[in-house]
Amino acid sequence: MADPSRHNEDDWDPEEDWDGPPPRTLSRTPPHTPTGSLLRRTRVRVLLPLPLGGAFDYAWTPGFHETPDEGTDPPAPGTFVTVPLGRRMVAGCVWDGPAQPGEVPVDDTRLKDIEAILDAPPLPEIGRRFVDWVARYCLADPGAVLRMAMSVPQALMREAPAMGLVLGDDPPEALGLKMTKARRAVLDAAADRVVRPAKALAEAAEAGIGVVQGLAKAGALLPMALPRQVLFPTPDPDRPGAVLSEEQGRAAALIKERVTAGRYAALLLDGVTGSGKTEVYFEAIAEALRQDRQVLVLLPEIALTPEWLDRFEGRFGVRPASWHSEMKPVLRRRTWRAVAEGEARVVVGARSALFLPFGALGLIVVDEEHESAFKQEEGGVLYHGRDMAVARAHLGDIPILLASATPSIETLVNVRAGRYERLHLPNRHGRATLPEIELVDLVATPPAPGRWLAPPVEKALIETVTGGDQALLFLNRRGYAPLTICGACGFRVGCPNCSGWLVDHRLLGRLRCHHCGFEAPRPSICPDCGAADSFRACGPGVERVAEEVAMLLPEARFMVVSGDTVGSPAQAAEIVRSIRAHEVDVVIGTQMIAKGHNFPKLTFVGVVDGDLGLAGGDLRAAERTYQLLSQVGGRAGRGEKPGRVLIQTHAAAAPVFAALKNGDRERFYETEIAARRAAGQPPFRRLAALIVSAPDAERADAIARDLARTAPLTEKDLRILGPAEPAYAVLRGRHRRRFLVNAPRSFPLQECLGDWLGRVRVPSACRVVVDIDPYGFL
Ligand code: ADP
Ligand code: ZN
């Protein structure tokens, strides 16, 4: 049996290299025979959670391996095993996926033996096919994808049970124990022969822990495993939920039908903020629970979960399992295991939850499906959580529900093509109405010099707060100012590792790079012209807007909410609570606070810079601005009183603002879809980015030249742009060049890119990363 103590949970850092169990000597290695026939050695393919180009062959010899159940059959696909790799032992998974180009069968004589079979439920077939599918689609190494499915190595070992104490059979006198009052009390408390933790026994007897330990040492109390705690009790689908409106009821009935049918179906739940989408999909979850299936709910932000968890508990009586990057190692281990064993029935999580080892998944919900936060932009595998979730549902032949008030163009085009079914909730629930949206033309009514709020916004803000309501000022910029500039020579303070400017953070008292985390004090002398005290802040961030609020409304209680002020889910929950409890009059926040929350007292939203998302020339700029500002505006007027939204802009004539103002959603989408089609952009054609990075510009250029020389130019359907310097030509000290490939939907893009990359040699310090369906264009 594998020894769980070989791992120390607290050392586990998911960002660190996957090391697996430490090396140790094999005590039961079978004699290596040249043919392997003597001991009936079987060849077994094992995929390791490392980017090694495919699975490796190992040998299995009956009776010579550590197994939890002393079985002698070769391990079946999906079994987790440990195998030697070089000089260390690593955990891997017995694999049955397609062979990779790099896989070369090892000669029998060089075949190494599997060390042990790990005591964990095997990775189910659908989970394995999903790993292969994601690897093929994203042009990633299958081992790198498996690593996401095996993100908690410790969970592959059965956890040693917690030990308690129980009354022994020998009377204390027979053990030669002198009886004291305290000892008597402990023995009386243990008389019911229930196993208890030592501490609980001491408390029950009102005795010191030392007394209990003494009795255990003498043998009057015996150690025994405590019964296993159920971490995730089954949610009760039959507790009463909200009484659905007719509109909501129709949507819920259709989703329930799809869940009952238990086949693949993709549905879009398209409903304005506050229309009750969550209530509706809770009914679908209830149905999946009645069918004894597991459910996965993907949410884009951890900030969303505290409120969501409360609502879930209100409906189903217990909290679901949750999964995100901030989890403590012990909980991470137990949750992974509870999903594999089927105890965790509902999991709510960030995109990585998609790779949990579900054995009985019956429904996936992707809430806020339009969010670009579902896209993994860094690390070994670049993937879009929503799109992979649809693939997962397809492989598992189960329904998937995408929910949004502002669906992505991709999803709407899928609805039009008949690939997805659309359920529509056009109205807010109950008496709440959609807020009125107005534009503030910054050209006609600019703010006073050095200020950021135009007179109409100032006025609305003051009226709201003095009227006893709450206001939100939205600005998607952390810190005090995005730029620090020398007033004498115009020198801008940049990051030494990235081609970007340092952001002034007054709360921290430092300038900071938002890409690599580089920090420096604000310089007192300009390094360029030598002027003293010449630096001034340029442009607004949330901290600077807060300063303006404090000037306008000295009595008002305000709060800045951004990635810098919200460090943990607990902090996020506390912030949401205090806003809901009206302990704050004015919230100045980034997108951290702009989404998903329901603040009943909030009646006014001011958007400080509506144009922010339009800069940069990203193909989704208008779509994202529309989605973000609709979401922000959706915060206003969720209670009894109607809401009001003012958007400050320099481009009041832009179609996206007209659509927001007139509530003309269909027209906006219509125009945007037509523009994408005309330009041959996604989702009508497909995009992939090739990003070259190297420690210096020369090497980056050399690889870019090689790629340009070997580009598949004979493919006439393909448009290849580049090599070009991306907006961040230097990022975290690495020099970058980029190609963009635009292909028809039916084009075998992955194969073609795979061949192309195979023609170019990439030196070890350099990298070429493929981003299929890129979203960020940094
Ligand atoms: P969405 O997810 O579409 O933004 P929610 O499900 O969060 O909408 O609903 C908005 C608010 O209205 C929530 O407070 C929710 O509890 C309430 N609500 C929605 N539908 C109902 C209903 N049928 N009965 C009672 N309350 C409802
Ligand atoms: Zn930087």
Side-chain angles (χ1 to χ4, degrees), residues 51 53-54 98 100-102 133-142 144 375 377-378 380-384 387 409-410 413 499 616-621 674-731 734-778:
Q100 300 295 309
W133 194 93
V134 172
R136 208 185 61 82
Y137 186 88
C138 298
L139 228 74
D141 197 288
K375 181 71 200 283
E377 301 266 38
E378 281 171 16
V381 186
L382 308 184
Y383 67 95
H384 198 300
D387 297 348
I409 300 276
E410 278 76 6
V413 170
S499 26
D618 167 343
L619 79 100
R620 294 185 180 82
R676 295 267 187 99
R677 189 197 300 272
Q681 292 288 8
F684 298 99
R685 287 173 64 98
R686 303 181 54 201
L687 275 189
L690 260 59
I691 300 135
V692 176
S693 70
D696 50 71
E698 291 69 35
R699 272 183 278 181
D701 282 328
I703 298 170
R705 268 197 307 276
D706 275 359
L707 279 168
R709 197 170 42 74
T710 53
L713 296 172
T714 48
E715 299 284 356
K716 61 179 179 352
D717 287 340
L718 227 49
R719 296 182 210 150
I720 302 178
L721 300 174
E725 283 194 5
Y728 281 75
V730 186
L731 195 62
R734 295 187 60 88
H735 294 252
R736 307 158 79 233
R737 301 291 180 269
R738 192 183 60 198
F739 291 84
L740 265 183
V741 181
N742 178 311
R745 279 178 63 98
S746 58
F747 187 83
L749 186 58
Q750 282 84 350
E751 281 169 41
C752 175
L753 295 178
D755 287 348
W756 183 10
L757 290 175
R759 293 194 284 268
V760 172
R761 213 187 64 81
V762 182
S764 62
C766 310
R767 253 158 67 89
V768 180
V769 178
V770 181
D771 188 356
I772 303 282
D773 310 327
Y775 275 66
F777 295 88
L778 271 187

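Because the structure is a prediction, the values reported are computed rather than measured.
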**Student:** So, for Ala694 and Arg699, which heavy atoms are closest and what is the spacing to 0.1 Å?
**Tutor:** CB-CB, 3.9 Å
**Student:** How long is the straight-line distance from CG of Leu713 back to CZ of Arg719, given to the nearest 0.5 Å?
**Tutor:** 14.5 Å
**Student:** Begin with the C-alpha distance, continue with both residues' side-chain angles, and end with the deciding distance and a verdict on side-chain contact (heavy atoms from CB on, under 4.5 Å) for Leu757 and Val762.
**Tutor:** CA-CA 9 Å; Leu757 290 175; Val762 182; over 6 Å; no
**Student:** Determine yes or no for a side-chain-to-main-chain donor-acceptor pair under 3.5 angstrom, with Asp717 supplying the side chain and Phe747 the backbone.
**Tutor:** no
**Student:** May I ask you to check whether over 12 heavy atoms, not counting those of Arg759, lie within 6.0 Å of atom CZ?
**Tutor:** yes
**Student:** Under 3.5 Å, side chain of Arg734 to main-chain N/O of Ser693, donor-acceptor pair present?
**Tutor:** yes
**Student:** How close do Tyr728 and Leu731 get, counting heavy atoms only, and between which atoms?
**Tutor:** CD2-CD1, 3.8 Å
**Student:** Contact between Val768 and Val760 at the side-chain level, heavy atoms closer than 4.5 Å - yes or no?
**Tutor:** no
**Student:** Once you round to the nearest 0.5 Å, how far does CZ of Arg620 lie from OH of Tyr775?
**Tutor:** 4.0 Å
**Student:** Counting N and O atoms only, with roles assigned by atom type, does the side chain of Arg738 sit under 3.5 Å from a partner on the main chain of Gly722, one being a donor and the other an acceptor?
**Tutor:** no
**Student:** For a 4.5 angstrom cut-off between non-hydrogen side-chain atoms, does Ile691 reach Pro726?
**Tutor:** no
**Student:** Can you check side-chain contact (heavy atoms from CB on, under 4.5 Å) on Val741 and Leu749, steps first, answer last?
**Tutor:** CA-CA 9 Å; Val741 181; Leu749 186 58; 4.0 Å; yes
**Student:** Tell me the side-chain hydrogen bond (donor to acceptor under 3.5 Å, both in side chains) pairs involving residues 760-774, sequence neighbours left out?
**Tutor:** Tyr137-Asp773, Lys375-Asp771
**Student:** So, do Pro712 and Leu718 sit near enough that their side-chain heavy atoms are less than 4.5 Å apart?
**Tutor:** yes
**Student:** Could you tell me the separation between the CG atom of Asp387 and the CD atom of Glu410, rounded to the nearest 0.5 Å?
**Tutor:** 7.5 Å
**Student:** Side chains of Asn742 and Leu721: closer than 4.5 Å at any heavy-atom pair?
**Tutor:** no
**Student:** Does Val692 reach the side chain of Cys766, with side-chain heavy atoms less than 4.5 Å apart?
**Tutor:** no
**Student:** Between atom CZ of Arg686 and atom CD1 of Ile772, what is the distance when rounded to the nearest 0.5 Å?
**Tutor:** 6.0 Å
**Student:** Do Arg737 and Ile703 touch side chain to side chain, with heavy atoms closer than 4.5 Å?
**Tutor:** no
**Student:** List in chain and number order the residues that pass side-chain hydrogen bond (donor to acceptor under 3.5 Å, both in side chains) with Gln100, two or more places apart in sequence or in another chain; answer none if no residue qualifies.
**Tutor:** none
**Student:** Starting at NE2 of His735, measure out to CD of Glu725 and round the result to the nearest 0.5 Å.
**Tutor:** 10.0 Å
**Student:** Rounded to the nearest 0.5 Å, what separates atom CH2 in Trp756 from atom CG in Leu139?
**Tutor:** 12.0 Å
**Student:** Minimum heavy-atom separation for Tyr383 and Cys138, please, with both atom names.
**Tutor:** CB-SG, 3.7 Å
